[in-house]
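Any value given below was found using the heavy atoms of this structure, including those in side chains, with hydrogens, waters and symmetry copies removed. On a predicted model such as this, the values are computed, not experimentally measured, just so you know.
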Amino acid sequence: MSGAPKRSFLAGLRWTSLRLRLLIVFALVALVAAVSASGIAYWLNREAVLTRTQDAALGDFRRQMQNRAASLPVELTAAELRDAAEQMSSSSPGYHVLLVGSHDGKPVVASSNLDAFTKQDVPESLQRQVDRKQPLKNGDSFGYHLFWQRTSINGTPYLVAGTKIIGGGPTGYMLKSLDQERQDLNSLAWSLGVATALALIGSALLAQAAATTVLRPVQRLGDAARKLGEGKLDTRLVVSGTDELADLSRTFNRAASSLEKKVADMSAREESSRRFVADMSHELRTPLTAITAVAEVLEDEADNLDPMIAPAVHLVVSETRRLNDLVENLMEVTRFDAGTARLVLDTVDVADQVTACIDARAWLDAVDLDAERGLMARLDPRRLDVVLANLIGNALKHGGSPVRVAVRADDDELTIEVRDHGPGVPEEVLPHVFDRFYKASASRPRSEGSGLGLSIAMENAHVHGGDITAYNSPDGDGAVFLLRLPRDAGRPAGQPAETDRDAAREADGDAVQDAGREQDAGAGRSGERGRGTHGKGGAR
């Protein structure tokens, strides 16, 4: 057996495998059938052999007692009894004879072979039964009968029988060895045992053949299902035959074809929707840039405008900035969905990076930073800034001051904890805080935020190979957002190791080209009067 088939066979013999269960069932059925048949055959043959030997010996002994012992006189000497016993034994089919008579009122015992058969070899229970005169009933005219018993002497089986001559004649006992019959029965038992073992081996081979015949299509079906689950939607089974397994294979092929078509249709619609959002966002950027520039000019001149017009100008400026942030967020989300978001890695001081993020948004008075300088990590500074801006801005907007930011690190992992002192996040909201466009209150669907900030923060954490966890503080004082990132994001799980900055820029396309002009995922422009992130827009 070659290596691969042997490994496949052994793998199919797991305790929970169907193949092993089939083998066990076949073996048990064969074992029960073989043992039952062998037991019945042994018992029938044993009874037949013993009965045949026993009947032959007892029949001959009865005739000898009737023909020879009955003709003996009542008073006999030991020599006469011995001669009679030897004559009876010599003409018998291999048994010894013991005669018990009387002479001058004294018992006389004679054996055909004193070394092989004495009165001590006769069980006392048999002696009592032979000497007891039986009551006459049902037409029985004989007071004494022939009794027999199987016994063992020195480990050898024997047949012992005895009877008494009516009218005062001698009592006779017969000892017949059953050793030859035992040997014959042992040979039969050994033969039946070998036959049982061969039946077990044959059943195992038949079970293996049956299991292979039945399980091979099932195994192919399982392999095809695994490939289908891995995304290989063109997987199909070769169908042969007309049995139930063939019908199952045809059903699988039809289901796979239907699934492939539906997934293709969904992928096409998703790609169309993604491209529509990307194209729309790109098309909106040019007019939005012009509108934003005009709005900023109007904002600078708002103090010189008519008091009735100034509020409208401020509203236009605010909504223009909000629309611009929304477009930038949509473009960022589109990059994540399209899988084009790449890291532009650099080795940075994490404390300096967090300080720069807070300072750029004028949050220094509202944020308490606990970070040790000199803590270096290799990551994408721009994307880290996006994550920090969203988490800290969300805490400032929906939580309560002061917001505490703590930076910790070990050999492999960097953790940044952002904690506020607000009312916390409702338990029913916690599972959804990172969902896109999620609004905690249906009565306030419109908020300053876009509902994309925390979801973009999570995507940026994932692209680094990290994660963000949200939970309420155990002491009930505010919410906690815990950011975990690898200290070296060069090879995060699921991301190629693109450490070359130029290669990353080329892969990122518009993301890097427009990095200088992007809003930080709703975090606001640097130095814009400390405006916070949009966060989850009413998430708390």
Side-chain angles (χ1 to χ4, degrees), residues 43 46-183 185:
W43 181 78
R46 178 179 181 275
E47 290 302 315
V49 170
L50 293 179
T51 301
R52 182 174 61 252
T53 302
Q54 175 179 294
D55 290 348
L58 293 178
D60 185 80
F61 179 66
R62 179 184 287 108
R63 288 191 296 272
Q64 292 288 340
M65 290 293 293
Q66 291 174 351
N67 297 333
R68 294 182 182 272
S71 62
L72 295 174
V74 176
E75 295 291 330
L76 291 172
T77 64
E80 292 174 334
L81 277 178
R82 184 171 54 254
D83 291 341
E86 289 176 353
Q87 292 177 5
M88 293 174 64
S89 176
S90 62
S91 61
S92 69
Y95 60 77
H96 302 291
V97 176
L98 178 71
L99 295 177
V100 180
S102 63
H103 182 72
D104 296 334
K106 297 180 180 180
V108 179
V109 179
S111 173
S112 62
N113 188 345
L114 287 176
D115 296 331
F117 189 25
T118 63
K119 195 173 182 180
Q120 286 74 19
D121 295 327
V122 181
E124 293 183 0
S125 59
L126 181 63
Q127 294 182 36
R128 290 192 299 269
Q129 194 72 14
V130 170
D131 293 336
R132 182 183 299 118
K133 188 174 183 179
Q134 303 298 321
L136 302 178
K137 57 183 180 179
N138 299 329
D140 186 3
S141 59
F142 301 101
Y144 297 97
H145 299 280
L146 176 65
F147 295 94
W148 59 270
Q149 182 177 340
R150 292 172 189 165
T151 185
S152 177
I153 302 175
N154 297 326
T156 302
Y158 285 93
L159 173 66
V160 182
T163 186
K164 190 170 185 178
I165 299 299
I166 301 173
T171 301
Y173 295 98
M174 176 268 292
L175 181 69
K176 167 66 176 175
S177 174
L178 300 177
D179 187 61
Q180 182 61 45
E181 286 72 17
R182 181 179 65 175
Q183 294 178 10
L185 291 174

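Not a single donor-acceptor pair under 3.5 Å links the side chain of Ser152 to the backbone N or O of Pro157. The main-chain N or O of Val97 is never found under 3.5 Å from a side-chain atom of Ser89 such that the two would form a donor-acceptor pair.
Heavy-atom minimum distance, Val160 versus Pro123: CG1-CD, 4.1 Å. Across every non-hydrogen atom of Leu99 and Ala84, the tightest pair is CD1-CB, 3.8 Å. Closest approach of Gly101 to Leu81, counting heavy atoms only: N-CD1, 3.7 Å. The shortest heavy-atom contact between Ala57 and Leu159 is CB-CD2, 4.4 Å. Contact detail for Ala78 and Val108: the closest heavy-atom pair is CA-CG1, 3.4 Å.
When only modelled atom types and interatomic distance are considered, Asp131 and Gln127 share no side-chain donor-acceptor pair under 3.5 Å. For the 3.5 Å distance criterion, the side chains of Gln120 and Thr118 qualify, holding a donor opposite an acceptor. With no hydrogens or angles considered, a side-chain donor-acceptor pair links Glu181 and Thr53 at under 3.5 Å. For the residue pair Arg63 and Gln66, no side-chain donor N or O sits within less than 3.5 Å of a side-chain acceptor on the partner. Residues Asp60 and Tyr95 have side chains that bring a donor and an acceptor to within less than 3.5 angstrom of each other.
Two residues are said to be in side-chain contact when any heavy atoms from C-beta on lie closer than 4.5 Å; Phe61 and Thr163 meet this criterion. By the 4.5 Å heavy-atom criterion applied to side chains, Lys164 and Met65 are not counted as neighbours. Under the 4.5 Å side-chain criterion, counting only non-hydrogen atoms from C-beta, Leu98 is in contact with Val109. The side-chain heavy atoms of Ser111 and Arg82, taken from C-beta on, include no pair separated by under 4.5 Å.
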### Task
Carefully, step by step, assess Asp121 and Tyr173 under the rule side-chain contact (heavy atoms from CB on, under 4.5 Å).
CA-CA 10 Å; Asp121 295 327; Tyr173 295 98; over 6 Å; no
### Test log, rule side-chain contact (heavy atoms from CB on, under 4.5 Å), inputs Lys176 and Leu58
CA-CA 9 Å; Lys176 167 66 176 175; Leu58 293 178; over 6 Å; no
### Task
Output, in order, the C-alpha distance, side-chain angles, deciding distance and verdict of side-chain contact (heavy atoms from CB on, under 4.5 Å) for Gln64 and Met174.
CA-CA 11 Å; Gln64 292 288 340; Met174 176 268 292; over 6 Å; no
### Task
Give the C-alpha distance, both sets of side-chain angles, the deciding distance and a yes or no for side-chain contact (heavy atoms from CB on, under 4.5 Å) between Arg132 and Gln129.
CA-CA 5 Å; Arg132 182 183 299 118; Gln129 194 72 14; 2.9 Å; yes
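Within 6.0 Å of CD in Gln183 there are more than 12 heavy atoms belonging to other residues, nucleotides or ligands.
Separating the CG atom in Leu50 from the CZ atom in Arg182 is a distance of 12.0 Å, to the nearest 0.5 Å. For the atom pair OH (Tyr158) and OG1 (Thr151), the distance works out to 10.5 Å, reported to the nearest 0.5 Å. Rounding to the nearest 0.5 Å places CD1 of Ile153 at 9.0 Å from OG of Ser177.
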